[in-house]
Amino acid sequence: MNEDNDDKNIPNDNPELITLDKEEKKALREVQSKFLEKEQKEKSEWYNDPGEWAKIKTDYPLLAKYTDAELRRAYLNLNPTILDVFVKTPIGPMILVNLGFMIKDKEFYLDILGFGS
């Protein structure tokens, strides 16, 4: 069943995925960072609450022209930035550790790549 149609609080009509401009995406990412901790700690699906979207539209007037369902769908389809991937996941530290080992053992890696003496 379509996840969008399961929502009883926000009228949906299966909205199209909206195309946000740069400033609107920035605002939605701020919303995401603001609510992400709440989402993880409380296991809440705040994005299903029309009251939350009303507050967001007040705080971010750029987003006021969209319906709650459109914003909810855009929020749920928001992809992480490359910076988010490196900073907010284990990938960044893992790459730094591996780079540290590669620098420490550079002769070993140069030999493997055929550039050693």
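Here, residue 1 is the first one in the sequence, and each next residue gets the next number.
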Quiz item: Using the ring of each side chain (for Trp, its six-membered ring), is Tyr75 parallel, tilted or perpendicular to Tyr47, with breaks at 30° and 60°?
Solution: tilted

Exercise. Output the distance between atom CG (Leu28) and atom OH (Tyr66), rounded to the nearest 0.5 Å.
Key: 10.0 Å

Practice problem: Under 4.5 Å between side-chain heavy atoms, chaining through other members, with only Ile, Leu, Val, Met, Phe, Trp and Tyr counted: pull out the rest of the cluster around Leu62, sorted by chain and number. | Solution: none

Quiz item: Can you list the residues that meet the side-chain contact (heavy atoms from CB on, under 4.5 Å) rule with Lys26, with sequence neighbours excluded?
Solution: Glu23, Glu30

Side-chain donor-acceptor pairs under 3.5 Å in residues 85-103, sequence neighbours left out?
{"from": "Thr89", "atom 1": "OG1", "to": "Val85", "atom 2": "O", "distance (Å)": "2.2"}
{"from": "Thr89", "atom 1": "OG1", "to": "Ile91", "atom 2": "N", "distance (Å)": "3.4"}
{"from": "Asn98", "atom 1": "ND2", "to": "Met94", "atom 2": "O", "distance (Å)": "3.1"}

Practice problem: Could I get the full list of side-chain hydrogen bond (donor to acceptor under 3.5 Å, both in side chains) partners for Lys65, not counting sequence neighbours? | Solution: Glu24

Quiz item: Atom OG1 in Thr67, atom CZ in Arg73: separation rounded to 0.5 Å?
Solution: 11.0 Å

Quiz item: Does some side-chain heavy atom of Lys34 sit less than 4.5 Å from a side-chain heavy atom of Ile56?
Solution: no

Quiz item: Does Glu52 reach the main-chain N or O of Asp49 with its side chain, forming a donor-acceptor pair under 3.5 Å?
Solution: no

Quiz item: Can you tell me how far the CG atom of Leu76 sits from the CG atom of Asn48, to the nearest 0.5 Å?
Solution: 8.0 Å

Self-check item: Partners passing side-chain hydrogen bond (donor to acceptor under 3.5 Å, both in side chains) against Thr81 (at least two apart in sequence or in another chain)
Solution: Asp84

Quiz item: Residues in side-chain hydrogen bond (donor to acceptor under 3.5 Å, both in side chains) with Lys25, at least two apart?
Solution: none

Quiz item: Under the 3.5 angstrom rule, does the side chain of Trp53 hit a backbone N or O of Arg72 as a donor-acceptor pair?
Solution: no

